[in-house]
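Input: a single structure, listed below in structure tokens.
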Amino acid sequence: MAHAKRALKYLVLGLYCVITLIPFLWMISASFKRPQDVLTVPIQWIPAVWQPQNYRQALFEPRFTGYSIADFMGNSLFVAVITSLLSVFLSTFIGYGFAKFRFRGRDALLWGMLSTTLLPFSSVVIPLYLIVRALGLIDSLWALIIPFAITGQSIFLARQFIITVPSELMDAARVDGAGEFHIFWRIVFPLLGPAVATLGIMTFLFSWNLFLWPLVVLSSQRQFTLPLGLSLMGLGSTFLVDYHLWMAASTLAVLPPLVFFLLLQRPYLRGLETLSGLKE
Amino acid sequence: MGSRRELRYGLTFISPAILFFLLFWILPVVLAVGYSLTDWIVGRSARLVGLRNYVALFTDPRFHESLLATLKITLPALVGTCGLALFLALLLNDDKLRGRRVAMLIIILPFVTDWVATGLVWQLIYLPNSGVLAGLFSQLGLRQWMTLRWTTSRQLAPLAIALFTIWKTTGLYAIIFLAGLKSVPTPQLEAAQVDGANFWQTLAFITLPLMRPLVVFVLVSAFVSIVGFFEPVYMLTGGGPADATRTLPIFLYENFFQFHKGGYASAAGIVFLFLCLGFALIAARFLQYSYYE
């Protein structure tokens with residue numbers, strides 16, 4: 001009975017994993033195919049003829065006005081890396097203020113900031129666009145970085161980590177006459193390795209996967225990020241849609257966040273648990 | 001250690017956040033409220049028209065269609081995502097299960113990858129006659145289903161988007177539920193089993209009530225994120241056929257960025273924002289103790 005139950009568990013979980021993976025497996029398989037082999041019934045899971053050169057073509061062939069997927073990838077990397085770095089420094093700095101000082105209105109402020117995370121991004125897109133336009137950042141990569149350098153989520157995450165740093169360390173430093181910024185930078189920040197990893201991976205994935213925002217603020221192709229370039233790949237291609245190249249480009253777009261996620265899976269999953277309000 | 005000192009340094013450390021939230025949250029909303037009271041067309045000058053945009057919005061049949069489409073996609077996607085996530089978490093909540101870590105990583109894979117790349121794949125999955133689903137149906141002997149027009153028929157398009165959304169987001173909530181299940185103290189579960197409770201009774205009367213804050217968190221955050229999803233609709237149907245999948249985010253996007261109706265779209269945006277905000281604030285009160293306990 002117990003054996004049968006366990007077997008059923010494996011079966012159901014295995015089935016769900018296969019269903020989850022099918023789109024990825026099909027994508028990778030199609031990315032190596034000749035165009036005429038992509039959409040066939042029955043499905044060819046193993047390409048009849050392997051075309052690894054699809055990747056070179058998808059990556060470097062100029063798409064619209066001379067920019068290629070490789071250029072878009074560079075923009076995406078730039079944006080995601082800078083946003084993550086800024087987020088790590090700013091959020092821990094702010095989180096320190098929320099975690100280690102007591103003053104009136106502190107909790108209300110944290111609540112205000114945290115409740116912004118319960119708003120869907122699409123509901124603030126127009127207001128955010130208006131302010132970014134007023135700041136003259138339209139069509140600049142900084143428009144993708146600055147508004148996401150600080151989020152309610154990242155502040156909350158940083159605070160939850162910093163709260164576990166023993167206050168005695170800081171008090172000892174204060175007795176020695178160290179200034180507050182010195183204490184943060186030299187004593188607290190070096191202890192935040194796991195928090196840095198969590199903040200870094202979460203911000204990187206968030207930033208890399210942004211789509212609606214770049215769609216509305218970027219207009220020149222020189223600035224396009226990868227998801228934006230990818231969504232417009234159909235434009236300017238030959239009459240016959242190059243599905244095999246789409247799939248190669250999609251695989252390339254999925255790869256960097258995937259590698260980064262697999263490397264930092266533990267801090268990432270810990271971040272999800274912290275955000276859900278579970279205690280460590 | 002006077003409290004003035006605490007206040008001074010506390011405010012110093014959080015001052016970047018205060019400035020940031022004023023500049024990127026408060027001010028933009030004030031701006032949008034201002035524009036929503038004008039007849040602004042992007043690129044032209046604006047004139048105050050009072051509440052006319054709001055009146056027009058609530059009498060606009062396309063806005064009503066949009067609310068309906070949002071509901072038609074959000075409801076199945078929400079039920080599917082949360083139900084499936086809980087089910088998977090229950091399956092995974094077993095320390096003796098082999099390959100549990102691998103299964104967790106696979107399940108969350110769609111969530112960490114981007115909407116556009118996976119959306120392109122799902123476009124081809126849904127292609128009638130030659131797509132991946134059609135291919136799978138033909139192998140399963142369901143040839144009559146191969147011709148289903150998943151993204152271009154009024155009946156199926158909302159379902160197609162909901163399915164894509166469920167595939168994309170379930171993993172996140174499964175992982176969160178799993179963490180919650182692991183935090184349920186075992187003595188209570190063992191006591192229930194001693195008393196002869198079966199699996200479903202234990203779940204309904206012991207496990208879920210013990211994780212109530214987490215269940216609320218998952219329902220709330222899944223609802224607000226699914227209601228606000230722009231990408232799955234944009235990638236699969238673009239709002240069509242006709243108005244069948246023109247959800248609120250698509251409605252806002254089209255009115256502002258394509259039709260350039262700045263004033264009208266700002267009004268619609270404000271309505272959407274305050275609907276979500278009201279919901280979020282109520283939810284936040286529910287959630288409060290789970291964060292601070």
Side-chain angles (χ1 to χ4, degrees), chain A residues 9 12-13 16-17 20-21 23 26-27 39 41-43 90 93-94 96-98 101-103 106 109 111 113 115-116 118-128 130-131 147 150 155 180 205 208-209 211-212 216 227 230-231 243 246 250 253-254 257-258 261 265 269 272-273 276-278, chain B residues 6-7 9-10 13-14 16-17 20-21 24-25 27-29 31-32 91 103 106-107 109-110 112-118 120-121 124-125 130 132 134-135 138-139 175-176 179 183 213-214 217 224-225 227-228 230-231 249 252 256-257 265-266 269 272-273 276-277 280-281 283-284 290-291:
Chain A
K9 230 181 213 183
V12 174
L13 270 178
Y16 186 79
C17 288
T20 303
L21 285 176
W26 189 86
M27 170 180 84
L39 292 166
V41 174
I43 301 165
L90 290 169
F93 186 83
I94 297 159
Y96 180 63
F98 276 120
F101 296 93
R102 284 186 177 282
F103 52 92
R106 179 190 69 173
L109 271 174
W111 263 106
M113 292 176 189
S115 55
T116 60
L118 286 174
L119 293 174
F121 180 68
S122 56
S123 74
V124 293
V125 138
I126 292 173
L128 195 58
L130 294 173
I131 192 76
I150 299 176
I155 293 173
E180 290 298 330
L205 289 180
W208 181 275
N209 293 339
F211 175 66
L212 173 56
V216 301
L230 202 56
S231 77
Y243 289 131
W246 277 25
S250 296
V254 163
L258 209 60
F261 164 71
Q265 38 168 302
L269 296 181
L272 292 183
E273 289 176 19
S276 70
L278 285 169
Chain B
E6 297 261 320
L7 177 69
Y9 283 110
F13 277 102
I14 66 173
F20 181 89
F21 276 85
F24 288 106
W25 285 86
L27 191 60
V29 173
L31 266 180
L91 287 180
I106 290 176
I107 284 170
L109 219 52
V112 300
T113 50
D114 83 279
W115 280 107
V116 177
T118 54
L120 288 174
V121 180
L124 302 180
I125 286 179
S130 56
V132 181
S138 98
Q139 270 160 330
I175 299 296
I176 293 176
S183 71
L214 189 78
F217 171 82
V224 290
S225 63
V227 142
F230 168 85
E231 291 87 349
L252 292 179
F256 193 96
F257 297 102
S266 296
F272 186 35
L273 177 64
C276 296
L277 193 66
L281 287 178
S290 78
Y291 278 122

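Just so it is clear, the model here is predicted, and its values are computed rather than measured.
To the nearest 0.5 Å, atoms OG1 (B:Thr118) and CE (A:Met27) are separated by 8.5 Å. To the nearest 0.5 Å, the span separating OG on A:Ser115 from CG on B:Leu277 amounts to 7.0 Å.
Heavy atoms only, all atoms of each residue included: A:Arg102 and B:Glu6 are closest at N-OE1, 2.6 Å. Counting all heavy atoms, side chain and backbone alike, A:Pro227 lies closest to B:Val116 at O-CG1, 3.4 Å. Nearest heavy atoms, A:Ser123 versus B:Leu273: OG-CD1, 3.6 Å. Annotation for A:Ser122 and B:Leu252: closest pair O-CD1, 3.7 Å, computed over non-hydrogen atoms. Nearest heavy-atom pair across A:Lys9 and B:Leu91 is CG-CD2, 3.4 Å. Between B:Asp114 and A:Ala253 the shortest heavy-atom distance is OD1-CB, 4.0 Å.
Proximity to chain B (any heavy atom under 4.5 Å) is shown, for A:Phe211, by both the backbone and the side chain. Heavy-atom distances place no part of B:Ser225 under 4.5 Å from chain A, backbone and side chain included. Contact annotation for A:Ile155: only side-chain heavy atoms (C-beta onward) come within less than 4.5 Å of a heavy atom of chain B. With a 4.5 Å cut-off on non-hydrogen atoms, A:Leu258 touches chain B through its side chain but not through its backbone. At a 4.5 Å heavy-atom cutoff, the contact between B:Leu109 and chain A is made by backbone and side-chain atoms alike. B:Phe21 touches chain A through its side chain: at least one heavy atom from C-beta onward sits under 4.5 Å away, while N, CA, C and O do not. In this structure, the portion of A:Leu205 lying under 4.5 Å from any heavy atom of chain B is its side chain and not its backbone. Interface residue A:Pro257: only side-chain heavy atoms are found under 4.5 Å from chain B. Only the side chain of A:Leu269 comes within less than 4.5 Å of a heavy atom in chain B; its backbone stays farther off. For chain A, the nearby parts of B:Ile106 are the backbone and the side chain; heavy atoms of each come within less than 4.5 Å.
Between chain B and the residues A:Leu119, A:Leu21, A:Leu128, the largest count of heavy-atom pairs under 4.5 Å involves A:Leu119. Ranked by non-hydrogen atom pairs under 4.5 Å with chain A, the options B:Phe256, B:Phe257, B:Phe24 are led by B:Phe257. With respect to chain B, the highest number of heavy-atom pairs below 4.5 Å among A:Val216, A:Leu272, A:Leu90, A:Val125 belongs to A:Val216. Of all the listed residues (B:Trp25, B:Trp115, B:Phe272), the one sharing the greatest number of non-hydrogen pairs under 4.5 Å with chain A is B:Trp25. Across A:Thr116, A:Val41, A:Ile43, the residue that shares the most heavy-atom pairs under 4.5 angstrom with chain B is A:Thr116. For the options A:Trp26, A:Phe93, A:Phe98, A:Tyr96, heavy-atom pairs under 4.5 Å to chain B are most numerous at A:Phe93. Between chain A and the options B:Val29, B:Val132, B:Ile175, the largest number of non-hydrogen pairs under 4.5 Å is found for B:Val132. Between chain A and the residues B:Ala17, B:Gly269, B:Ala103, B:Ala265, the most heavy-atom pairs under 4.5 angstrom are made by B:Ala17.
For the pair A:Thr20 (side chain) and B:Ile107 (backbone), a donor-acceptor distance under 3.5 Å is absent. Under the 3.5 Å distance criterion, the side-chain polar atoms of A:Asn209 are matched with a main-chain donor or acceptor of B:Val112.
Contact of the B:Leu214 side chain with the A:Ser276 side chain is registered, since non-hydrogen atoms from C-beta on lie closer than 4.5 Å. Under the 4.5 Å side-chain criterion, counting only non-hydrogen atoms from C-beta, A:Tyr243 is not in contact with B:Leu120. Looking at heavy atoms from C-beta onward, A:Phe101 lies out of side-chain contact with B:Ile14 at the 4.5 angstrom threshold. Between B:Phe230 and A:Pro120 there is no side-chain heavy-atom pair separated by less than 4.5 Å. Residues A:Leu130 and B:Pro28 fail the side-chain proximity criterion, which asks for heavy atoms closer than 4.5 Å.
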